[in-house]
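Quick note: residue numbers are just sequence positions, from 1. Remember, it's 1-based here, ligands and their atoms both numbered in the order they're listed.
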Amino acid sequence: MKASELFLRCLEAEGVTHVFGVPGEENADVMISLLDSPIEFITCRHEQGAAFMADLYGRVTGRPGVCLGTLGPGATNLLTGVGSANMDHSPLVVITGQGATTRLHKESHQAMDVVGMFEPVIKWGATVWDARNIPEIVRKAFKLAAAENPGATLIELPEDVAKAEVDDQPIIPGLKIRRPIPDEKTVTAALELIAAARSPLLLLGGGCTRTRVTRQVERLVEATGMYAAMTFHAKGVLSDRHGRSLYAAGLGARDHVIRCFEESDLVIAVGYDMVEWHPDRWNVGLDKQILHIDFTPAEVDGAYRPTVEAVGDIAACLWAINERLDDRHLEKHIPTFAEVRKLLTYEITEEFADDEGFPMKPQRILADLRAELGDDDVVISDIGAHKMWTARHYPAYAPGTCIISNGFCSMGIALPGAIGARLGDPDHHVVALQGDGGFMMNLQDLATAVQYEVPTVNLIWEDSGYGLIAWKQEVGYGRTSHTSFRNPDLVALAEAFGAHAVRVSSATELRPALRAALSITDRPSVIVVPVDYAENMKLTRRLGELLQH
Ligand SMILES: Cc1ncc(C[n+]2csc(CCOP(=O)(O)OP(=O)(O)O)c2C)c(N)n1
Ligand SMILES: [Mg+2]
(Lines give C-alpha, C1' and ligand atoms only; values in the text may rest on other atoms or scores of the structure.)
(Ligands and ions follow the chains in the order given, each with its own letter.)
Protein backbone atom coordinates (compact mmCIF):
# COMPACT_ATOMS: atom_id res chain seq x y z
CA MET A 1 0.00 0.00 0.00
CA LYS A 2 0.95 3.63 -0.17
CA ALA A 3 2.72 4.98 2.92
CA SER A 4 0.00 7.59 3.48
CA GLU A 5 -2.55 4.76 3.66
CA LEU A 6 -0.47 2.89 6.20
CA PHE A 7 -0.18 6.13 8.13
CA LEU A 8 -3.97 6.41 8.31
CA ARG A 9 -4.37 2.76 9.30
CA CYS A 10 -2.01 3.54 12.18
CA LEU A 11 -4.08 6.58 13.24
CA GLU A 12 -7.22 4.42 13.08
CA ALA A 13 -5.53 1.78 15.26
CA GLU A 14 -4.95 4.53 17.83
CA GLY A 15 -8.69 5.21 17.92
CA VAL A 16 -8.46 8.58 16.18
CA THR A 17 -11.91 9.82 15.17
CA HIS A 18 -11.13 13.41 14.11
CA VAL A 19 -8.18 15.23 12.60
CA PHE A 20 -8.29 19.03 12.75
CA GLY A 21 -6.28 20.90 10.18
CA VAL A 22 -5.55 22.87 7.08
CA PRO A 23 -4.26 20.87 4.09
CA GLY A 24 -1.24 21.88 2.05
CA GLU A 25 0.45 20.59 -1.08
CA GLU A 26 3.03 18.55 0.77
CA ASN A 27 0.48 16.47 2.65
CA ALA A 28 -1.76 15.83 -0.37
CA ASP A 29 -1.21 12.05 -0.17
CA VAL A 30 -2.44 11.93 3.41
CA MET A 31 -5.41 14.11 2.46
CA ILE A 32 -6.35 11.85 -0.46
CA SER A 33 -5.93 8.72 1.67
CA LEU A 34 -8.32 10.27 4.20
CA LEU A 35 -11.09 9.84 1.63
CA ASP A 36 -10.94 6.09 2.31
CA SER A 37 -10.72 6.37 6.08
CA PRO A 38 -13.47 6.52 8.72
CA ILE A 39 -11.55 9.39 10.34
CA GLU A 40 -13.37 12.70 9.96
CA PHE A 41 -11.20 15.59 8.83
CA ILE A 42 -12.32 18.96 10.14
CA THR A 43 -11.19 21.58 7.64
CA CYS A 44 -10.21 24.60 9.72
CA ARG A 45 -9.62 28.25 8.84
CA HIS A 46 -6.35 28.63 10.67
CA GLU A 47 -3.85 26.05 11.92
CA GLN A 48 -3.76 27.70 15.33
CA GLY A 49 -7.48 27.01 15.66
CA ALA A 50 -6.89 23.42 14.57
CA ALA A 51 -4.30 22.94 17.32
CA PHE A 52 -6.63 24.42 19.94
CA MET A 53 -9.46 22.17 18.76
CA ALA A 54 -7.23 19.12 19.04
CA ASP A 55 -5.98 20.29 22.46
CA LEU A 56 -9.50 20.51 23.89
CA TYR A 57 -10.61 17.33 22.14
CA GLY A 58 -7.70 15.61 23.90
CA ARG A 59 -8.56 17.19 27.21
CA VAL A 60 -12.20 16.14 27.27
CA THR A 61 -11.66 12.64 25.87
CA GLY A 62 -8.36 11.82 27.58
CA ARG A 63 -7.11 10.50 24.21
CA PRO A 64 -4.63 12.50 22.12
CA GLY A 65 -6.28 15.03 19.82
CA VAL A 66 -4.73 15.24 16.36
CA CYS A 67 -4.01 18.33 14.29
CA LEU A 68 -2.48 18.64 10.87
CA GLY A 69 -0.76 21.39 8.95
CA THR A 70 1.56 21.75 6.05
CA LEU A 71 5.26 22.59 6.22
CA GLY A 72 6.64 26.12 6.71
CA PRO A 73 3.77 28.56 7.41
CA GLY A 74 1.31 25.79 8.30
CA ALA A 75 3.75 24.56 10.90
CA THR A 76 4.49 28.03 12.30
CA ASN A 77 0.77 28.71 12.55
CA LEU A 78 0.32 25.52 14.58
CA LEU A 79 3.07 26.45 17.00
CA THR A 80 1.11 28.60 19.49
CA GLY A 81 -1.64 26.02 19.91
CA VAL A 82 0.90 23.25 20.32
CA GLY A 83 2.84 25.23 22.93
CA SER A 84 -0.39 25.76 24.80
CA ALA A 85 -1.40 22.09 24.79
CA ASN A 86 2.06 21.01 25.86
CA MET A 87 2.28 23.38 28.80
CA ASP A 88 -1.25 22.55 29.94
CA HIS A 89 -0.38 18.83 29.71
CA SER A 90 -3.00 18.08 27.15
CA PRO A 91 -2.38 15.01 24.96
CA LEU A 92 -1.84 16.13 21.36
CA VAL A 93 -0.31 14.62 18.23
CA VAL A 94 0.75 17.08 15.56
CA ILE A 95 1.21 16.02 11.95
CA THR A 96 3.06 18.25 9.52
CA GLY A 97 3.92 17.78 5.88
CA GLN A 98 7.44 18.37 4.61
CA GLY A 99 9.17 18.79 1.27
CA ALA A 100 10.67 15.72 -0.40
CA THR A 101 13.77 14.29 1.30
CA THR A 102 15.67 15.07 -1.91
CA ARG A 103 15.44 18.81 -1.29
CA LEU A 104 15.82 19.28 2.44
CA HIS A 105 19.61 19.80 2.41
CA LYS A 106 19.37 23.03 0.38
CA GLU A 107 17.44 26.28 0.04
CA SER A 108 14.02 25.15 -1.01
CA HIS A 109 10.45 26.42 -1.22
CA GLN A 110 8.79 26.63 2.25
CA ALA A 111 11.27 24.14 3.67
CA MET A 112 12.67 24.69 7.14
CA ASP A 113 13.60 22.64 10.16
CA VAL A 114 10.12 22.08 11.55
CA VAL A 115 11.09 19.45 14.13
CA GLY A 116 13.81 21.76 15.43
CA MET A 117 11.40 24.67 15.62
CA PHE A 118 8.92 22.59 17.63
CA GLU A 119 11.53 21.21 20.02
CA PRO A 120 10.77 23.61 22.91
CA VAL A 121 7.01 22.93 22.75
CA ILE A 122 6.83 19.14 22.35
CA LYS A 123 7.76 16.08 24.36
CA TRP A 124 9.06 14.27 21.30
CA GLY A 125 9.06 14.64 17.55
CA ALA A 126 10.39 12.75 14.56
CA THR A 127 10.62 12.93 10.80
CA VAL A 128 9.55 9.83 8.93
CA TRP A 129 12.62 9.30 6.76
CA ASP A 130 11.60 5.78 5.75
CA ALA A 131 7.99 4.60 5.25
CA ARG A 132 8.76 1.35 7.05
CA ASN A 133 9.12 3.33 10.28
CA ILE A 134 5.55 4.66 10.19
CA PRO A 135 4.02 2.09 12.59
CA GLU A 136 6.72 2.66 15.22
CA ILE A 137 6.71 6.42 14.91
CA VAL A 138 2.92 6.74 15.10
CA ARG A 139 2.69 4.37 18.09
CA LYS A 140 5.47 6.21 19.88
CA ALA A 141 3.92 9.61 19.22
CA PHE A 142 0.58 8.53 20.71
CA LYS A 143 2.14 6.66 23.60
CA LEU A 144 4.30 9.59 24.66
CA ALA A 145 1.57 12.20 24.13
CA ALA A 146 -0.76 10.33 26.50
CA ALA A 147 1.80 9.25 29.12
CA GLU A 148 1.95 11.30 32.34
CA ASN A 149 2.65 14.12 32.17
CA PRO A 150 0.81 14.29 28.86
CA GLY A 151 1.79 16.79 26.17
CA ALA A 152 2.41 17.28 22.49
CA THR A 153 4.33 15.11 20.05
CA LEU A 154 5.12 15.76 16.40
CA ILE A 155 5.26 13.57 13.31
CA GLU A 156 6.70 15.10 10.17
CA LEU A 157 5.95 13.25 6.96
CA PRO A 158 7.94 14.33 3.86
CA GLU A 159 5.94 14.18 0.64
CA ASP A 160 8.08 11.58 -1.13
CA VAL A 161 7.93 9.27 1.91
CA ALA A 162 4.12 9.63 1.98
CA LYS A 163 3.99 8.42 -1.64
CA ALA A 164 6.30 5.45 -1.18
CA GLU A 165 5.05 1.88 -1.46
CA VAL A 166 5.23 -0.07 1.76
CA ASP A 167 3.99 -3.39 3.04
CA ASP A 168 3.35 -3.17 6.76
CA GLN A 169 0.75 -3.14 9.54
CA PRO A 170 0.00 -0.75 12.41
CA ILE A 171 1.35 -1.57 15.85
CA ILE A 172 -1.81 -2.04 17.88
CA PRO A 173 -1.74 -0.21 21.23
CA GLY A 174 -1.26 -2.63 24.14
CA LEU A 175 -3.22 -2.81 27.36
CA LYS A 176 -3.41 0.33 29.42
CA ILE A 177 -0.31 0.60 31.59
CA ARG A 178 -1.06 0.50 35.29
CA ARG A 179 1.06 3.05 37.07
CA PRO A 180 2.89 1.96 40.21
CA ILE A 181 1.70 2.87 43.72
CA PRO A 182 4.32 4.54 45.95
CA ASP A 183 5.91 1.90 48.18
CA GLU A 184 4.73 1.18 51.71
CA LYS A 185 7.52 3.11 53.40
CA THR A 186 6.61 6.23 51.45
CA VAL A 187 2.92 5.87 52.30
CA THR A 188 3.86 5.42 55.96
CA ALA A 189 6.00 8.57 55.83
CA ALA A 190 3.09 10.47 54.27
CA LEU A 191 0.73 9.26 57.01
CA GLU A 192 3.21 10.29 59.71
CA LEU A 193 3.46 13.77 58.22
CA ILE A 194 -0.30 14.17 58.21
CA ALA A 195 -0.59 12.84 61.76
CA ALA A 196 2.04 15.30 63.02
CA ALA A 197 0.51 18.28 61.24
CA ARG A 198 -1.70 20.75 63.06
CA SER A 199 -3.43 22.10 59.99
CA PRO A 200 -2.75 20.23 56.75
CA LEU A 201 -4.20 21.65 53.56
CA LEU A 202 -4.74 19.95 50.23
CA LEU A 203 -3.55 21.75 47.10
CA LEU A 204 -5.01 19.91 44.11
CA GLY A 205 -3.58 20.47 40.63
CA GLY A 206 -4.26 19.49 37.04
CA GLY A 207 -3.06 15.90 37.48
CA CYS A 208 -6.15 15.36 39.65
CA THR A 209 -8.42 16.33 36.76
CA ARG A 210 -6.68 14.01 34.32
CA THR A 211 -6.80 11.07 36.70
CA ARG A 212 -10.20 11.68 38.22
CA VAL A 213 -9.23 11.31 41.86
CA THR A 214 -12.47 12.81 43.16
CA ARG A 215 -13.60 9.75 45.10
CA GLN A 216 -10.31 9.43 46.99
CA VAL A 217 -10.13 13.17 47.68
CA GLU A 218 -13.64 13.06 49.11
CA ARG A 219 -12.69 10.13 51.32
CA LEU A 220 -9.62 11.96 52.59
CA VAL A 221 -11.32 15.27 53.39
CA GLU A 222 -14.32 13.56 54.94
CA ALA A 223 -12.23 11.31 57.14
CA THR A 224 -9.79 13.97 58.30
CA GLY A 225 -11.75 17.22 58.07
CA MET A 226 -9.06 18.72 55.83
CA TYR A 227 -9.91 21.43 53.31
CA ALA A 228 -8.87 21.49 49.65
CA ALA A 229 -7.86 24.42 47.46
CA MET A 230 -7.75 23.77 43.74
CA THR A 231 -5.65 25.34 41.01
CA PHE A 232 -7.47 26.50 37.89
CA HIS A 233 -6.72 23.17 36.21
CA ALA A 234 -8.23 21.30 39.15
CA LYS A 235 -11.50 23.19 39.41
CA GLY A 236 -14.28 20.81 40.34
CA VAL A 237 -12.06 17.91 41.45
CA LEU A 238 -13.68 18.36 44.83
CA SER A 239 -17.08 19.83 44.06
CA ASP A 240 -17.36 23.46 45.10
CA ARG A 241 -20.61 22.42 46.77
CA HIS A 242 -18.62 20.24 49.14
CA GLY A 243 -18.21 21.91 52.52
CA ARG A 244 -14.46 21.32 52.42
CA SER A 245 -13.80 23.08 49.10
CA LEU A 246 -11.87 26.35 49.26
CA TYR A 247 -12.61 27.01 45.59
CA ALA A 248 -9.83 28.09 43.22
CA ALA A 249 -6.33 29.00 44.27
CA GLY A 250 -3.91 30.86 42.07
CA LEU A 251 -5.42 34.24 41.48
CA GLY A 252 -2.97 36.32 43.37
CA ALA A 253 -1.06 36.47 46.56
CA ARG A 254 -3.78 38.14 48.56
CA ASP A 255 -6.95 36.28 47.69
CA HIS A 256 -8.72 35.02 50.79
CA VAL A 257 -7.54 31.45 50.32
CA ILE A 258 -3.97 32.56 50.97
CA ARG A 259 -4.89 32.93 54.63
CA CYS A 260 -5.37 29.17 54.74
CA PHE A 261 -1.93 28.64 53.28
CA GLU A 262 -0.47 31.05 55.80
CA GLU A 263 -1.99 29.13 58.66
CA SER A 264 -1.26 25.71 57.32
CA ASP A 265 1.82 23.80 58.46
CA LEU A 266 1.57 21.04 55.85
CA VAL A 267 0.57 21.45 52.22
CA ILE A 268 -0.33 18.19 50.51
CA ALA A 269 0.21 18.97 46.84
CA VAL A 270 -1.48 16.41 44.60
CA GLY A 271 -0.94 16.43 40.83
CA TYR A 272 0.23 20.02 41.29
CA ASP A 273 1.92 21.83 38.42
CA MET A 274 3.83 24.90 39.56
CA VAL A 275 3.48 26.47 36.11
CA GLU A 276 -0.02 27.35 37.27
CA TRP A 277 0.76 28.98 40.60
CA HIS A 278 4.28 29.28 41.77
CA PRO A 279 5.06 27.99 45.27
CA ASP A 280 6.73 31.26 46.21
CA ARG A 281 3.18 32.67 46.23
CA TRP A 282 1.91 30.32 48.90
CA ASN A 283 5.06 29.32 50.74
CA VAL A 284 6.37 32.75 51.52
CA GLY A 285 8.35 32.07 54.68
CA LEU A 286 9.35 28.56 53.57
CA ASP A 287 7.80 27.51 56.86
CA LYS A 288 5.65 24.63 55.67
CA GLN A 289 6.22 20.98 55.22
CA ILE A 290 5.23 19.76 51.77
CA LEU A 291 3.93 16.33 50.91
CA HIS A 292 4.33 15.91 47.15
CA ILE A 293 2.02 13.36 45.54
CA ASP A 294 2.46 13.18 41.80
CA PHE A 295 3.20 11.00 38.81
CA THR A 296 6.69 12.45 38.63
CA PRO A 297 9.29 13.66 41.14
CA ALA A 298 9.00 17.30 42.16
CA GLU A 299 10.60 20.10 40.17
CA VAL A 300 13.59 21.55 42.01
CA ASP A 301 12.54 24.93 43.35
CA GLY A 302 13.72 26.89 46.34
CA ALA A 303 10.15 27.46 47.48
CA TYR A 304 9.11 23.84 46.99
CA ARG A 305 11.12 21.44 49.13
CA PRO A 306 8.97 18.40 49.85
CA THR A 307 9.56 16.48 53.05
CA VAL A 308 8.12 13.42 51.37
CA GLU A 309 7.72 12.76 47.66
CA ALA A 310 5.20 10.05 46.88
CA VAL A 311 5.72 9.32 43.19
CA GLY A 312 3.36 7.08 41.27
CA ASP A 313 -0.31 6.92 40.48
CA ILE A 314 -1.93 9.72 42.45
CA ALA A 315 -5.35 8.11 42.84
CA ALA A 316 -3.74 4.90 44.04
CA CYS A 317 -1.52 6.83 46.43
CA LEU A 318 -4.49 8.65 47.95
CA TRP A 319 -6.28 5.33 48.23
CA ALA A 320 -3.29 3.80 50.04
CA ILE A 321 -3.29 6.75 52.46
CA ASN A 322 -7.05 6.56 52.99
CA GLU A 323 -6.86 2.85 53.77
CA ARG A 324 -4.50 3.49 56.66
CA LEU A 325 -5.90 6.61 58.31
CA ASP A 326 -6.32 6.28 62.09
CA ASP A 327 -7.35 8.38 65.09
CA ARG A 328 -4.27 10.57 64.78
CA HIS A 329 -5.50 11.85 61.43
CA LEU A 330 -8.92 13.11 62.46
CA GLU A 331 -10.23 16.68 62.69
CA LYS A 332 -7.34 18.25 60.86
CA HIS A 333 -8.43 21.80 60.38
CA ILE A 334 -8.47 25.15 62.05
CA PRO A 335 -11.35 27.68 62.13
CA THR A 336 -9.79 29.99 59.53
CA PHE A 337 -10.47 27.45 56.81
CA ALA A 338 -14.19 27.42 57.57
CA GLU A 339 -14.27 31.23 57.70
CA VAL A 340 -12.61 31.52 54.31
CA ARG A 341 -14.97 28.98 52.81
CA LYS A 342 -17.91 30.98 54.15
CA LEU A 343 -16.57 34.28 52.86
CA LEU A 344 -15.82 32.91 49.39
CA THR A 345 -19.19 31.19 49.20
CA TYR A 346 -20.87 34.49 49.97
CA GLU A 347 -18.83 36.44 47.40
CA ILE A 348 -19.30 33.80 44.71
CA THR A 349 -22.90 32.80 45.14
CA GLU A 350 -24.60 35.78 46.77
CA GLU A 351 -22.94 39.17 46.86
CA PHE A 352 -23.62 40.37 43.32
CA ALA A 353 -25.44 37.35 41.94
CA ASP A 354 -28.63 39.42 41.44
CA ASP A 355 -27.01 42.78 40.67
CA GLU A 356 -29.06 44.64 38.09
CA GLY A 357 -26.34 47.05 36.99
CA PHE A 358 -25.55 47.37 33.32
CA PRO A 359 -22.99 46.88 31.78
CA MET A 360 -23.10 43.68 33.78
CA LYS A 361 -20.88 42.87 36.69
CA PRO A 362 -18.63 39.86 36.08
CA GLN A 363 -20.07 38.23 39.20
CA ARG A 364 -23.63 38.40 37.87
CA ILE A 365 -22.65 37.11 34.41
CA LEU A 366 -21.03 34.08 35.99
CA ALA A 367 -23.88 33.46 38.41
CA ASP A 368 -26.30 33.52 35.47
CA LEU A 369 -24.14 31.17 33.43
CA ARG A 370 -23.81 28.78 36.35
CA ALA A 371 -27.56 28.79 36.83
CA GLU A 372 -28.22 27.89 33.18
CA LEU A 373 -25.67 25.07 32.91
CA GLY A 374 -25.82 21.55 34.26
CA ASP A 375 -23.14 20.15 36.54
CA ASP A 376 -21.46 18.25 33.70
CA ASP A 377 -21.67 20.91 31.01
CA VAL A 378 -18.34 22.44 30.05
CA VAL A 379 -17.11 26.02 30.22
CA ILE A 380 -13.86 26.94 28.48
CA SER A 381 -12.39 30.27 29.45
CA ASP A 382 -10.15 32.34 27.22
CA ILE A 383 -7.35 34.51 28.63
CA GLY A 384 -8.04 37.93 30.10
CA ALA A 385 -9.78 39.61 32.99
CA HIS A 386 -12.77 37.35 32.35
CA LYS A 387 -10.53 34.35 33.08
CA MET A 388 -9.71 35.66 36.54
CA TRP A 389 -13.37 36.16 37.26
CA THR A 390 -14.24 32.73 35.87
CA ALA A 391 -11.59 31.04 37.99
CA ARG A 392 -12.81 32.81 41.10
CA HIS A 393 -16.57 33.08 40.57
CA TYR A 394 -17.67 30.11 38.49
CA PRO A 395 -18.09 27.21 40.91
CA ALA A 396 -17.37 23.83 39.36
CA TYR A 397 -19.06 20.67 40.48
CA ALA A 398 -17.16 18.03 38.55
CA PRO A 399 -13.58 17.78 37.24
CA GLY A 400 -13.00 18.94 33.67
CA THR A 401 -16.11 21.12 33.57
CA CYS A 402 -14.37 24.48 33.83
CA ILE A 403 -11.36 24.39 31.56
CA ILE A 404 -8.92 27.27 31.89
CA SER A 405 -5.64 27.41 30.04
CA ASN A 406 -3.14 28.25 32.75
CA GLY A 407 0.29 27.41 31.48
CA PHE A 408 1.05 29.09 28.18
CA CYS A 409 -2.11 31.19 28.50
CA SER A 410 -2.64 32.06 24.88
CA MET A 411 -5.58 34.25 23.97
CA GLY A 412 -7.83 32.80 21.29
CA ILE A 413 -8.08 29.26 22.69
CA ALA A 414 -11.74 29.28 23.71
CA LEU A 415 -13.63 29.64 20.41
CA PRO A 416 -11.80 26.86 18.52
CA GLY A 417 -11.24 24.91 21.74
CA ALA A 418 -14.98 24.69 22.29
CA ILE A 419 -15.40 23.13 18.84
CA GLY A 420 -12.92 20.39 19.71
CA ALA A 421 -14.48 19.89 23.14
CA ARG A 422 -18.00 19.61 21.76
CA LEU A 423 -16.92 17.14 19.08
CA GLY A 424 -15.17 15.10 21.78
CA ASP A 425 -18.11 15.35 24.20
CA PRO A 426 -21.26 15.78 22.08
CA ASP A 427 -23.58 15.04 25.00
CA HIS A 428 -22.81 18.20 26.94
CA HIS A 429 -23.17 21.88 26.31
CA VAL A 430 -19.89 23.67 25.73
CA VAL A 431 -19.66 27.39 26.40
CA ALA A 432 -16.62 29.37 25.26
CA LEU A 433 -16.26 32.38 27.51
CA GLN A 434 -14.12 35.05 25.87
CA GLY A 435 -13.07 38.66 25.89
CA ASP A 436 -13.64 40.79 22.82
CA GLY A 437 -9.86 40.72 22.21
CA GLY A 438 -9.57 36.94 22.30
CA PHE A 439 -12.73 36.52 20.20
CA MET A 440 -11.22 38.63 17.42
CA MET A 441 -8.00 36.66 17.59
CA ASN A 442 -9.48 33.37 16.38
CA LEU A 443 -12.82 34.44 15.02
CA GLN A 444 -12.26 32.73 11.67
CA ASP A 445 -13.08 29.29 13.04
CA LEU A 446 -16.61 30.38 13.81
CA ALA A 447 -17.03 29.45 10.14
CA THR A 448 -15.79 25.94 10.98
CA ALA A 449 -18.40 25.58 13.73
CA VAL A 450 -21.09 26.71 11.28
CA GLN A 451 -19.88 24.38 8.54
CA TYR A 452 -19.81 21.31 10.79
CA GLU A 453 -22.95 22.33 12.69
CA VAL A 454 -21.21 22.33 16.06
CA PRO A 455 -23.50 24.09 18.56
CA THR A 456 -20.94 25.85 20.70
CA VAL A 457 -22.07 28.88 22.68
CA ASN A 458 -19.66 31.80 22.60
CA LEU A 459 -20.16 34.28 25.40
CA ILE A 460 -18.23 37.46 24.59
CA TRP A 461 -17.48 39.94 27.36
CA GLU A 462 -17.31 43.29 25.62
CA ASP A 463 -15.22 46.04 27.22
CA SER A 464 -13.63 47.35 24.00
CA GLY A 465 -10.22 46.63 25.40
CA TYR A 466 -7.52 44.29 26.56
CA GLY A 467 -9.10 44.39 29.98
CA LEU A 468 -6.59 42.34 31.92
CA ILE A 469 -3.64 44.33 30.62
CA ALA A 470 -5.39 47.60 31.45
CA TRP A 471 -6.10 46.20 34.93
CA LYS A 472 -2.49 45.25 35.53
CA GLN A 473 -1.19 48.57 34.20
CA GLU A 474 -3.63 50.41 36.40
CA VAL A 475 -2.42 48.49 39.43
CA GLY A 476 1.25 48.80 38.58
CA TYR A 477 1.44 52.29 37.10
CA GLY A 478 -1.82 54.05 37.91
CA ARG A 479 -2.58 54.61 34.21
CA THR A 480 -3.00 52.57 31.05
CA SER A 481 -1.22 52.51 27.71
CA HIS A 482 -2.75 51.36 24.40
CA THR A 483 -5.16 48.82 25.80
CA SER A 484 -8.41 49.98 24.25
CA PHE A 485 -9.78 49.36 20.78
CA ARG A 486 -12.93 49.85 18.77
CA ASN A 487 -14.93 46.73 17.96
CA PRO A 488 -16.88 46.14 14.81
CA ASP A 489 -20.54 45.25 15.34
CA LEU A 490 -19.84 41.82 16.82
CA VAL A 491 -23.43 40.64 16.39
CA ALA A 492 -23.53 41.53 12.70
CA LEU A 493 -20.11 39.95 12.28
CA ALA A 494 -21.19 36.68 13.89
CA GLU A 495 -24.38 36.67 11.85
CA ALA A 496 -22.34 37.06 8.68
CA PHE A 497 -20.67 33.75 9.59
CA GLY A 498 -24.09 32.12 9.89
CA ALA A 499 -24.06 31.95 13.67
CA HIS A 500 -27.02 32.80 15.88
CA ALA A 501 -26.05 36.09 17.52
CA VAL A 502 -27.51 38.46 20.07
CA ARG A 503 -26.43 41.40 22.21
CA VAL A 504 -27.59 41.62 25.80
CA SER A 505 -28.84 45.08 26.70
CA SER A 506 -29.92 44.65 30.31
CA ALA A 507 -28.92 42.34 33.14
CA THR A 508 -32.18 40.43 33.00
CA GLU A 509 -31.65 39.47 29.36
CA LEU A 510 -28.64 37.25 29.84
CA ARG A 511 -30.30 34.17 31.24
CA PRO A 512 -32.99 34.02 28.54
CA ALA A 513 -30.27 34.63 25.92
CA LEU A 514 -28.21 31.78 27.31
CA ARG A 515 -31.21 29.48 27.44
CA ALA A 516 -32.09 30.25 23.83
CA ALA A 517 -28.51 29.68 22.67
CA LEU A 518 -28.20 26.42 24.60
CA SER A 519 -31.32 25.08 22.94
CA ILE A 520 -29.82 25.41 19.44
CA THR A 521 -28.45 22.12 18.18
CA ASP A 522 -27.18 22.77 14.67
CA ARG A 523 -25.06 25.91 14.72
CA PRO A 524 -22.92 27.98 17.02
CA SER A 525 -24.15 31.07 18.79
CA VAL A 526 -22.58 34.27 19.95
CA ILE A 527 -23.86 36.27 22.92
CA VAL A 528 -22.25 39.66 23.35
CA VAL A 529 -22.51 40.97 26.88
CA PRO A 530 -21.17 44.40 27.84
CA VAL A 531 -19.17 43.99 31.04
CA ASP A 532 -18.43 46.44 33.83
CA TYR A 533 -14.72 46.09 34.50
CA ALA A 534 -14.80 48.77 37.18
CA GLU A 535 -15.16 45.62 39.29
CA ASN A 536 -11.56 44.69 38.49
CA MET A 537 -9.97 47.46 40.50
CA LYS A 538 -12.56 47.05 43.23
CA LEU A 539 -11.44 43.44 43.61
CA THR A 540 -7.80 44.47 43.63
CA ARG A 541 -8.44 47.04 46.33
CA ARG A 542 -10.31 44.47 48.35
CA LEU A 543 -7.71 41.78 48.01
CA GLY A 544 -4.89 44.24 48.33
CA GLU A 545 -2.51 42.95 45.75
CA LEU A 546 -1.90 42.56 42.05
CA LEU A 547 -3.45 39.56 40.40
CA GLN A 548 -1.01 37.48 38.49
CA HIS A 549 -1.14 36.50 34.77
C1 LIG B 1 -1.69 35.44 22.16
C2 LIG B 1 -1.59 36.35 23.34
N3 LIG B 1 -1.26 37.64 23.17
C4 LIG B 1 -1.21 38.48 24.22
C5 LIG B 1 -1.43 38.03 25.49
C6 LIG B 1 -1.35 38.98 26.67
N7 LIG B 1 -2.70 39.20 27.18
C8 LIG B 1 -3.19 38.54 28.23
S9 LIG B 1 -4.76 38.94 28.58
C10 LIG B 1 -4.81 40.06 27.35
C11 LIG B 1 -6.04 40.89 27.14
C12 LIG B 1 -7.24 40.07 26.78
O13 LIG B 1 -8.26 40.93 26.31
P14 LIG B 1 -9.70 40.35 26.05
O15 LIG B 1 -9.61 39.10 25.27
O16 LIG B 1 -10.58 41.41 25.50
O17 LIG B 1 -10.18 39.93 27.51
P18 LIG B 1 -10.45 40.91 28.76
O19 LIG B 1 -9.16 41.01 29.53
O20 LIG B 1 -10.88 42.24 28.22
O21 LIG B 1 -11.50 40.19 29.55
C22 LIG B 1 -3.61 40.12 26.65
C23 LIG B 1 -3.33 41.03 25.53
C24 LIG B 1 -1.75 36.66 25.62
N25 LIG B 1 -1.97 36.09 26.82
N26 LIG B 1 -1.85 35.86 24.54
MG1 LIG C 1 -11.78 42.83 26.41
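- Asp436 contributes OD1 as its N, O or S atom closest to the Mg ion (ligand 2).
- Ring geometry, Trp282 versus Trp277: the interplanar angle falls from 30° to 60°, so the pair is classed tilted.
- Closest heavy-atom approach to atom 10 (C) of ligand 1 within the set Met440, Gln434, Met411, Lys387: this belongs to Met411.
- A donor-acceptor contact closer than 3.5 angstrom is absent between the side chains of Asp382 and Gln434.
- Side-chain contact of Lys387 with Asn406: a donor-acceptor pair under 3.5 Å is present, judged by distance alone.
- Less than 4.0 angstrom separates some heavy atom of His386 from each of these atoms of ligand 1: 17 (O), 18 (P), 21 (O).
- Remark: the Arg210 side chain and the Asn149 side chain contain an N/O donor-acceptor pair separated by less than 3.5 Å.
- In terms of polar-atom proximity, Gly467 is counted as a contact of ligand 1, with an N or O under 3.5 Å from an N or O of the ligand.
- At a 3.5 angstrom cut-off on N or O pairs, Phe485 does not count as close to ligand 1.
- Judged by distance alone, the side chains of Glu148 and His89 never bring a donor and an acceptor atom under 3.5 Å apart.
- With respect to the salt-bridge test (charged N to carboxylate O, under 4.0 angstrom), the residues Glu535 and Arg542 do not qualify.
- Classification of the Phe20-His18 ring pair by plane angle, with boundaries at 30° and 60°, yields parallel.
- Nearest to atom 6 (C) of ligand 1 by heavy-atom distance, out of Val531, Leu468, Ile469, is Ile469.
- The Mg ion (ligand 2) has no N, O or S atom of Glu462 under 2.8 Å away, backbone or side chain.
- Close contacts of ligand 1 with Asp463, meaning ligand atoms under 4.0 Å from a residue heavy atom, involve 20 (O).
- Ligand 1 lies nowhere less than 4.0 angstrom from a heavy atom belonging to Trp471.
- Near Gly437, the atoms of ligand 1 lying under 4.0 angstrom from a non-hydrogen atom of the residue are 14 (P), 15 (O), 16 (O).
- Rounded to 10 degrees, the O-metal-OD1 angle spanning Gly465 and Asp463 at the Mg ion (ligand 2) equals 80°.
- Atoms of ligand 1 lying under 4.0 Å from any heavy atom of Cys409, numbered from 1 in the order shown and given with element: 24 (C), 25 (N), 26 (N).
- Considering backbone and side-chain N/O of Gly438, one or more are found under 3.5 Å from N/O of ligand 1.
- Residues Asp355 and Lys361 are paired through a salt bridge, judged by an N-O separation under 4.0 Å between the basic side chain and the carboxylate.
- For Tyr533, a nitrogen or oxygen atom sits less than 3.5 Å from a nitrogen or oxygen atom of ligand 1, counting backbone and side chain alike.
- A salt bridge is defined here as a Lys NZ or Arg NE, NH1 or NH2 lying under 4.0 Å from an Asp or Glu carboxylate O, and Arg392 with Asp255 meets this definition.
- Between His292 and Tyr304, the angle of the ring planes goes over 60°, which puts this pair in the perpendicular group of the 30/60° scheme.
- Within the 4.0 Å heavy-atom shell around ligand 1 one finds Asp436.
- Near Ala385, with a cut-off below 4.0 Å to any heavy atom, the atoms of ligand 1 are 18 (P), 19 (O), 21 (O).
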